[in-house]
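First the structure, in the form of structure tokens, and then the observations on it.
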Amino acid sequence: MREPLIFEISKKGRKGCYLPPCDVPTQKVGEMIPEKYLRDKKAELPEVSEIDVVRHFTKLSTYNHGVDTGFYPLGSCTMKYNPKINEELSRLTGFARLHPYQPEETAQGALELMYTLQKDLCQVAGMDKVSLQPAAGAHGELAGIMVIKAYHEKRGDLKRNKVIVPDSAHGTNPATANMAGFKTIEIASNARGEVDLEALARALDDTTAALMLTNPNTLGLFESQILEIAEMVHKAGGLLYYDGANINAVMGYARPGDMGFDVVHFNLHKTMGTPHGGGGPGSGPIGVKKRLAEFLPVPTVEKADDGSFYLNYDMPDSIGKVKAFYGNFLVMVKAYCYIKALGTDGLKEASEVAVLNANYLMENLKKTYHLPYDRICKHEFVINSKNLKPYGVHTLDIAKRLLDFGYHPPTVYFPLIVEEALMIEPTETESRETLDDFIAIMEKIHQEAIDNKELVVNAPYNTVVRRLDEVSAARNPIIRWKKDE
Amino acid sequence: MREPLIFEISKKGRKGCYLPPCDVPTQKVGEMIPEKYLRDKKAELPEVSEIDVVRHFTKLSTYNHGVDTGFYPLGSCTMKYNPKINEELSRLTGFARLHPYQPEETAQGALELMYTLQKDLCQVAGMDKVSLQPAAGAHGELAGIMVIKAYHEKRGDLKRNKVIVPDSAHGTNPATANMAGFKTIEIASNARGEVDLEALARALDDTTAALMLTNPNTLGLFESQILEIAEMVHKAGGLLYYDGANINAVMGYARPGDMGFDVVHFNLHKTMGTPHGGGGPGSGPIGVKKRLAEFLPVPTVEKADDGSFYLNYDMPDSIGKVKAFYGNFLVMVKAYCYIKALGTDGLKEASEVAVLNANYLMENLKKTYHLPYDRICKHEFVINSKNLKPYGVHTLDIAKRLLDFGYHPPTVYFPLIVEEALMIEPTETESRETLDDFIAIMEKIHQEAIDNKELVVNAPYNTVVRRLDEVSAARNPIIRWKKDE
Amino acid sequence: MRYIPNTSEDRQAMLNSLGYEKIEDLFQDIPEQVRKAAVFDVGQGMSEYELKKHVRALAEKNQTVDQCISFMGAGAYDHFIPSFVDQLLLRSEFYTAYTPYQPEISQGTLQAIFEYQSLICELTGMDASNASVYDGATATAEAANMAVAATRRNKILYSKGLHPEYAQTLKTYCWSQGFEVEEVDLEQGITSAGQAEEKLNKKDAACLIVQYPNFYGCVEDLEELAKKVQAQKALLIAVVTEPVALGILKSPGELGADIVAGEAQGFGNHIAFGGPYLGFLAANEKQIRRLPGRIVGKTRDVDGKVGYVLTLQAREQHIRREKASSNICSNQALCALAATMTMSALGKEGLREMAETNLQKAHYAYRQLTSLPQVKAVYPGQAFFNEFVIELPKPAGEVIEELRKEGIWPGVNLSVICEDLNKCLLVCVTELRTKDEIDRLAERLGGVL
Amino acid sequence: MRYIPNTSEDRQAMLNSLGYEKIEDLFQDIPEQVRKAAVFDVGQGMSEYELKKHVRALAEKNQTVDQCISFMGAGAYDHFIPSFVDQLLLRSEFYTAYTPYQPEISQGTLQAIFEYQSLICELTGMDASNASVYDGATATAEAANMAVAATRRNKILYSKGLHPEYAQTLKTYCWSQGFEVEEVDLEQGITSAGQAEEKLNKKDAACLIVQYPNFYGCVEDLEELAKKVQAQKALLIAVVTEPVALGILKSPGELGADIVAGEAQGFGNHIAFGGPYLGFLAANEKQIRRLPGRIVGKTRDVDGKVGYVLTLQAREQHIRREKASSNICSNQALCALAATMTMSALGKEGLREMAETNLQKAHYAYRQLTSLPQVKAVYPGQAFFNEFVIELPKPAGEVIEELRKEGIWPGVNLSVICEDLNKCLLVCVTELRTKDEIDRLAERLGGVL
Ligand SMILES: Cc1ncc(COP(=O)(O)O)c(C=O)c1O
Ligand SMILES: Cc1ncc(COP(=O)(O)O)c(C=O)c1O
């Protein structure tokens with residue numbers, strides 16, 4: 001008895017909420033708005049009662065797997081526990097019920113929180129100035145690459161129209177470069193899974209605007225030659241952009257600023273424990289070195305001499321605005337709470353255990369699965385299902401079979417440089433017991449694949465729906481309900 | 001993979017919350033508390049992390065059926081929709097964070113709310129004075145019957161040691177009478193399912209303290225001779241107690257006070273939409289006629305001449321306290337919100353639709369099931385599975401089979417005067433579509449019982465656990481986890 | 001139409017399908033006189049936003065313990081509640097369910113109660129616990145009932161150290177059942193063993209009820225009292241209003257209590273102007289079948305899977321009617337769930353830590369306050385957990401009034417509760433108070449005396 | 001140990017099992033110089049209760065719209081949000097999930113997005129919607145990108161009636177891609193059709209972007225503009241910041257828009273100091289494959305059961321990398337869920353009712369305010385929904401300051417946004433304002449002028 005669409009339970013005349021009354025003297029609508037502008041047909045919103053809406057979305061929720069449901073080792077996504085206190089505090093009316101244009105004097109608490117968060121993020125990343133504007137990681141990338149563009153432009157260095165990305169990079173990196181008007185140059189990784197310095201050297205020239213890198217990279221490996229890389233890029237006149245999706249691996253052990261990066265974005269919805277929300281809202285602040293500060297998007301939050309806080313729009317060389325208002329404020333509140341709860345030591349400890357958990361999983365899983373880069377990993381690692389190819393079982397099958405055991409599968413088929421990749425990130429908020437159970441199930445599936453291929457390639461069995469036909473979904477897209485369907 | 005006990009996932013050294021630090025100069029514990037009073041073994045609470053606790057109880061919740069999960073036609077329990085706004089408002093710190101002994105001047109909002117609620121409940125029930133103290137319906141019964149006891153005692157009418165209850169009464173009625181030191185006299189119902197006036201007459205004498213009645217009674221039938229009954233009881237020197245579990249049937253159509261009742265209790269967790277919480281907390285205020293007001297439990301909330309509100313303990317003839325403090329305050333907040341949201345008309349409408357829905361269900365179900373009392377019902381009605389006896393299928397089987405279709409079953413085997421009873425109360429918050437679906441499934445099960453007995457008597461199949469062995473549970477009670485089990 | 005899905009068209013169609021014309025037709029069975037009279041007025045309904053504004057305004061008229069520095073306890077203890085507790089309580093599968101009558105679709109509630117019972121047993125050192133009763137006061141009264149049933153004696157002895165509101169509730173219950181009630185005095189803040197013995201020696205008492213730690217904060221010598229009680233074949237009922245104390249104190253069970261009754265609000269439930277709280281009731285093996293209310297037991301289903309059910313129901317009103325051990329039906333399940341979550345989160349070490357922090361902070365406060373020249377310790381030398389009584393040179397009410405202006409609630413005014421203690425203040429210090437706050441109390445109290 | 005289950009013993013045992021001694025061994029791959037430098041300071045961790053006190057204190061430093069009478073809009077609209085919305089958002093299955101990459105265990109999110117897309121299509125009168133983008137401003141910029149791709153022209157025309165922050169965002173995006181941007185003036189509050197035509201006639205514009213109703217509250221004649229745009233084979237992009245208006249106004253789709261971008265915060269999301277909100281983006285059939293971000297489609301599983309999946313992914317960065325239609329990855333899913341719940345609760349009639357109440361209240365306020373002798377309507381005769389501009393005899397900032405003292409926030413000071421409007425106030429009146437509050441504004445505004 002799958003829950004129908006909300007439209008399918010609509011019944012004429014029903015209403016799911018109780019609006020404030022219209023208590024003013026009224027006019028005819030036609031006298032206020034010319035007829036030609038008025039809808040002659042009401043929008044076909046569903047007509048349902050409050051209990052219908054509540055039951056509908058309660059039911060839908062049960063079709064989902066979240067971190068609170070169980071283990072969620074989705075590589076690159078840092079699916080750590082989302083502390084409940086942060087949900088509570090971000091909902092305080094003193095945050096949720098502020099208008100973005102209310103006088104600054106009446107929003108000092110909010111501004112102070114943002115100011116401190118800017119400072120704290122500078123600390124964690126070793127950068128000089130932070131902007132909280134971007135709404136997510138990719139948005140941070142875009143804003144950050146724009147800052148780099150503005151920097152070169154200001155210097156009159158106008159031929160720098162290329163951004164270098166390794167072939168292991170996340171899709172948003174090349175997409176961002178493109179969206180910021182750059183050409184993307186992809187360079188191959190070396191046998192250790194790191195940036196190939198020779199390839200980099202070949203790619204660098206006076207048209208290089210920047211190198212985008214994440215460190216640890218998407219293989220979960222630390223770019224051990226990062227200082228050399230930074231020197232090479234800088235020498236060529238380019239800047240270094242740090243994709244901070246993986247900062248959870250290195251807090252207290254490596255700061256992008258110290259590695260030579262000029263711009264960094266955070267994913268607060270990864271590193272700082274704010275929830276992913278089924279795909280957002282996130283928050284993707286960017287931090288820059290001093291010489292780039294003037295190009296940050298407006299406004300930043302500043303502290304005046306009298307100790308009060310204000311929004312600073314007075315930045316003539318700013319790239320401008322990258323979204324309306326000041327970023328995803330309530331997400332910032334959660335990240336702020338997270339940082340204050342953990343403190344310096346807690347953040348470092350988070351990285352330590354994230355890395356420990358990952359190495360523990362890796363060492364145990366490599367007994368059954370193929371590990372293409374066999375070295376210490378950071379917060380995540382990549383294995384593949386190569387060994388199972390002869391049996392006709394693929395990474396996708398393993399992922400689907402995991403569903404039957406109550407797990408969210410790892411990230412699959414990424415990074416692209418590992419065939420049949422399974423990218424696994426346990427995070428620090430999982431216990432050894434959870435890891436052990438997962439290892440056992442992964443081993444079991446491996447054995448199943450060998451003994452009983454059909455069982456695996458037809459999985460899952462225990463889910464609300466089974467494998468879905470994505471091909472016809474894309475070929476013949478039905479992407480909305482329509483009244484007469 | 002059933003969720004284990006929280007004790008079973010315990011691991012030494014884990015902690016699920018983060019306590020405020022001990023920031024005072026400390027002393028040795030033994031210097032503060034003599035050794036002989038100190039535990040030498042810590043209590044075996046589980047050692048789990050925050051994410052463990054959250055996942056554990058999240059998982060447990062999914063094993064439950066609530067009103068938000070689906071239809072819950074549990075007779076006598078009024079499982080109506082619990083408005084979410086009431087949950088929100090009762091959690092305001094201005095209510096949740098008040099100490100019961102804080103100065104009255106600092107709790108005027110709370111007291112005002114209680115005062116208004118007392119007044120409003122008087123209105124709904126037609127009584128003169130209300131006490132909000134009792135924590136649930138049965139507690140209200142006890143307090144109410146004690147009031148009656150005090151009344152007779154004060155008048156020196158000391159031989160009144162009996163309470164009459166109809167055989168259709170809820171179990172709490174006779175249990176209450178007993179707990180208040182009375183003897184219970186049970187009288188049989190007549191063929192119409194109502195109080196038999198002759199039986200009543202026979203039972204009444206100068207030892208009668210009270211008659212306890214619910215109206216509509218537990219068959220969902222209105223006691224049409226209620227005025228005669230009241231007159232008889234009063235003439236005999238007894239009082240009338242109204243079990244208000246069923247007030248949802250008659251708001252705006254009948255008030256206990258107008259029917260001649262002297263004492264009434266409310267179940268705010270039924271009539272006023274506050275949630276049942278899996279078995280409480282409820283709230284069971286009692287209302288009385290003026291001549292009984294002096295006996296109410298202390299304190300009541302009163303309004304002073306200057307408009308301020310206070311707790312009145314100055315009631316020398318009060319039965320005293322029936323619990324600590326002032327009742328289940330936060331539940332009262334929800335009930336208050338409910339009453340204010342609906343208003344006079346809304347409450348009346350709630351009863352109207354509750355009765356309409358019940359009659360609609362009854363008329364449709366009686367086409368397949370046996371309806372022992374075939375007349376207009378109020379908010380609920382009782383059918384039975386008599387017709388299915390020849391097929392070896394009982395009420396319990398029907399109840400269990402309903403689980404497979406996502407329904408909470410009706411109340412079963414109650415009232416006791418109907419064999420194989422199914423007591424069905426749809427409430428006003430269900431739609432016609434929900435009722436129609438339920439009717440269809442009830443018909444389907446009826447047919448299944450005839451065609452395929454085994455299917456029904458072995459149900460349920462789709463639940464986390466299937467039929468449980470209650471007999472050995474009671475014979476060999478395991479009612480706690482123990483460390484070395 | 002508030003919260004009612006069926007529209008007027010739906011209703012009319014349904015009425016018609018039943019052969020009625022109008023809704024009033026369904027109320028014809030009510031005598032006209034009654035119907036006519038049934039007019040009432042609770043005002044006009046409010047839209048959700050209006051309601052919110054209205055109720056918020058009421059809430060804002062109150063001053064909360066967060067808006068001051070509170071040292072109030074006396075049966076309502078403000079302890080740390082992890083934030084996740086309330087968020088989990090809002091899972092509607094829990095709070096919109098009824099009592100778990102249908103175990104197959106109530107395993108969430110049932111397993112949680114089983115865990116609750118286990119935790120209460122661990123804390124109290126008893127063999128069995130029920131699923132909760134209304135509050136500590138009614139738990140005490142129910143325990144007295146149990147003792148009467150067990151001993152077939154009907155006199156109840158209780159120590160003057162019992163929370164006054166519990167004592168009053170006990171008296172009400174006993175009056176209605178015709179039980180006798182007698183108070184045992186205190187000596188230097190704890191139950192007079194001599195007087196207790198004397199009264200017990202009459203061999204007509206069903207039980208002795210002693211609070212642990214008692215209302216005035218003092219830790220009673222339960223073991224000694226237990227011996228005296230047992231010698232006369234009565235039952236010892238220990239009452240615990242501050243269960244956090246059991247994180248560090250020996251359990252009443254270990255000390256010989258037959259029944260432990262109490263209040264578990266301190267775990268996971270807000271002080272909430274006095275309710276809803278949850279009474280707990282635990283007993284040793286022998287008394288299990290006398291426990292009132294719900295009890296959950298472990299069993300298996302037809303496929304052999306573990307499951308939980310309401311059990312020993314032959315004690316209860318819906319089966320036994322007038323012969324039931326109590327009339328209780330609904331209890332305080334959701335409060336018990338909150339307590340279960342909180343105790344689980346605290347865990348073995350956390351509970352101990354929390355208890356110790358209370359102890360340390362309270363004793364620090366005691367030292368600071370009693371070192372003020374004008375302040376006298378009322379029960380010097382008695383062991384206490386997180387509450388103690390001080391005597392002031394002037395009426396406590398006045399002092400409270402003055403400190404309130406400075407944002408400090410220094411404690412509960414004992415004169416309101418026991419007339420003879422009008423210069424006494426019952427001061428409670430939980431883990432939520434900081435050293436600074438305690439110092440501030442000491443400093444300001446010194447200032448106003 | 002915050003939020004970390006593994007104890008130090010666990011960790012040591014795990015380390016040992018891997019052949020390491022200490023945690024630092026796992027960080028040997030980081031150059032020593034980098035490791036040494038990586039010292040930072042964000043302060044000491046706080047316990048949960050300390051954190052709560054600290055953060056509450058910050059929150060209390062702010063004044064909320066509930067603590068005054070607010071007439072602020074300008075892209076952030078304070079509408080009624082049913083209480084259940086937040087409680088459902090707290091269902092952790094929703095908010096602790098990632099983007100629904102694994103459809104079999106993400107049907108809740110996926111179906112909700114499908115419903116969201118359908119609702120947005122219904123509202124806007126378009127064929128397709130994506131699953132949301134960051135906000136209205138970035139939605140506008142993404143729409144411009146789509147137009148460039150569709151027309152292979154790279155000049156963007158936008159009306160001065162576009163929200164200034166959206167225009168600024170648009171300019172930033174266009175600058176970085178090397179697109180040209182040109183503003184079209186207003187005439188009496190609405191886009192100058194003449195100037196638009198003139199600029200379009202150059203045939204080099206990819207699109208004309210027009211806000212509906214525009215930033216100054218006026219309802220644009222989209223139909224007329226659409227004709228002019230289509231005549232030159234450009235696209236008309238309608239931007240909606242106040243989607244409640246679409247409950248009563250003709251949908252942009254019906255009036256000829258090719259793309260509708262906008263902000264849906266007004267449905268179910270708090271004003272929250274500017275975020276998180278949710279940008280919506282809807283397009284007609286032809287532009288579907290140019291939409292950025294996630295799109296959910298309906299399909300069936302191997303057993304033939306209906307299910308939902310992310311679809312048309314060949315537009316997206318994780319597949320197409322530098323050739324993707326946008327770099328967007330995470331969007332504002334939970335905000336979209338809130339909007340979906342709220343639109344569902346409003347429904348066909350409720351949305352219309354809400355829109356009408358806004359309209360009536362705003363027009364009532366307009367009449368009251370403009371009947372003050374000192375107040376001038378800035379765009380008399382123009383149709384408006386729930387926002388309008390008035391001119392005062394003195395700087396708006398001063399008036400705001402004075403009324404603030406009386407608990408009234410009379411509107412947004414336009415001088416902050418457009419220097420030349422320094423005596424102008426943008427007044428927004430939603431369904432939450434009452435007649436009394438509007439009268440009070442009129443009265444007090446009269447008082448301070
Ligand atoms: C390495 C990397 N970079 C960037 C992103 C984009 O982040 P967001 O989804 O917040 O835009 C991700 C997200 O998965 C990522 O893993
Ligand atoms: C008719 C009747 N009376 C009394 C009660 C007892 O109410 P409570 O459970 O609130 O104690 C009930 C509860 O089911 C009932 O149905």
Side-chain angles (χ1 to χ4, degrees), chain B residues 16-17 22-24 33 43 45 47 57 60-61 63-68 89 92 94 96-100 106 109 120 123 135-136 138 171 174-176 178 180-181 184 222 254 258 275-282 320-321 324-325 328-329 343 346 352 431 463 465-466 468 473 478 480-481, chain C residues 2 5 29 37 40 42 44-45 55 58-59 61-64 72 82 91-93 95-99 104-105 107-109 118 121-122 134 137 165 168-169 172 176-177 270 273-276 297-299 301 307 311 317-318 321-322 324 327 329-334 345 347-348 357 364 435:
Chain B
C17 60
C22 185
D23 61 352
V24 297
I33 308 261
L45 270 51
E47 300 183 80
F57 289 102
L60 288 191
S61 76
Y63 296 165
N64 262 14
H65 178 105
V67 171
D68 290 0
L89 295 176
L92 289 172
R97 305 284 297 141
L98 305 182
H99 194 280
T106 64
D120 286 351
Q123 283 287 319
T176 296
N178 175 58
T184 305
F222 197 87
D258 303 330
H276 286 81
K321 288 205 65 70
F325 312 122
N328 283 343
F329 175 66
E352 289 175 349
S431 67
T463 44
V465 289
R466 297 185 53 214
L468 290 149
I478 306 173
R480 59 168 295 195
W481 167 90
Chain C
R2 196 58 157 272
D29 50 352
F40 69 93
V42 297
Q44 253 202 302
V55 175
L58 282 175
K61 282 189 193 170
N62 304 315
Q63 194 183 340
T64 74
M72 317 261 285
R91 293 209 42 108
S92 59
E93 295 93 333
Y95 81 86
T96 70
Y98 196 73
T99 298
E104 298 88 345
I105 51 168
Q107 286 296 304
T109 297
S118 307
C121 288
E122 282 300 330
Y134 307 130
E165 300 215 22
Q168 286 161 29
T169 303
T172 306
S176 87
Q177 313 225 54
H270 284 291
F273 208 48
K298 183 173 170 179
T299 187
D301 76 356
T311 193
Q317 46 76 25
H318 62 287
R321 300 177 72 84
E322 68 275 11
N327 74 336
C329 182
S330 290
N331 51 51
Q332 307 282 116
L334 205 69
K348 189 173 178 176
T357 305
Y364 174 72
K435 177 172 180 301

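So that the names make sense, note that chain A is the first sequence line, chain B the second, and so on, each numbered from 1.
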At a heavy-atom separation under 4.5 Å, does T172(C) approach chain B through its side chain, its backbone, both, or neither? both

From OG1 (T176(B)) to CD (E322(C)), nearest 0.5 Å: 11.5 Å

Considering only heavy atoms and a distance below 4.5 Å, find which of H318(C), E93(C), Q168(C), Q177(C) pairs most often with chain B. E93(C)

T106(B) versus H99(B): any side-chain heavy-atom pair under 4.5 Å? no

W481(B) versus E122(C): any side-chain heavy-atom pair under 4.5 Å? yes

Distance-minimising heavy-atom pair for L468(B) and Q107(C): CD1-NE2, 3.6 Å

I need the residue from A324(C), G275(C), C121(C), G297(C) with the largest number of non-hydrogen atom pairs under 4.5 Å to chain B. G275(C)

Checking Q44(C) against chain B: side chain, backbone, both or neither under 4.5 Å from a heavy atom? backbone

Nearest heavy-atom approach of P100(B) to F325(B) is CB-CD2, 3.5 Å

When heavy-atom pairs shorter than 4.5 Å are enumerated against chain B, which of G274(C), S176(C), G347(C) gives the highest number? S176(C)

Under a 4.5 Å heavy-atom cutoff, which of G278(B), G16(B), G181(B), A324(B) has the most pairs with chain C? G278(B)

Here the pair of heavy atoms bringing G94(B) nearest to N62(C) is O-ND2, 2.9 Å

Could you check whether any side-chain heavy atom of P281(B) comes within less than 4.5 Å of a side-chain heavy atom of L334(C), counting everything from C-beta outward? yes

Quick check for you: among G45(C), A137(C), P276(C), which has the greatest number of heavy-atom pairs under 4.5 Å with chain B? P276(C)

For chain B, which candidate among T299(C), V42(C), T64(C) shows the most heavy-atom pairs at distances under 4.5 Å? V42(C)

With rounding to the nearest 0.5 angstrom, report the OG1 to OH distance, T109(C) to Y98(C). 13.0 Å

Answer key: most heavy-atom pairs under 4.5 Å with chain B among T99(C), T357(C), D29(C), T311(C) is D29(C)

Quick one: CG on N178(B) to CZ on R321(C), what's the gap to the nearest 0.5 Å? 12.5 Å

Looking only at G66(B), G277(B), G343(B), most heavy-atom pairs under 4.5 Å shared with chain C are made by G277(B)

With chain C, which of H276(B), E47(B), K321(B), E352(B) has the greatest number of heavy-atom pairs at distances under 4.5 Å? K321(B)

Heaviest contributor of heavy-atom pairs below 4.5 Å to chain C, chosen from N64(B), L60(B), N328(B), is N64(B)

Given that the side chain runs from C-beta out, which part of S61(B) has a heavy atom under 4.5 Å from chain C: side chain, backbone, both or neither? both

Straight-line distance of D68(B) CG to R91(C) CZ, nearest 0.5 Å: 11.0 Å

I'd like to know which of A254(B), G320(B), G282(B) tops the heavy-atom pair count under 4.5 Å against chain C. A254(B)

With only heavy atoms counted, which part of Y364(C) is less than 4.5 Å from chain B, the side chain, the backbone, both or neither? side chain

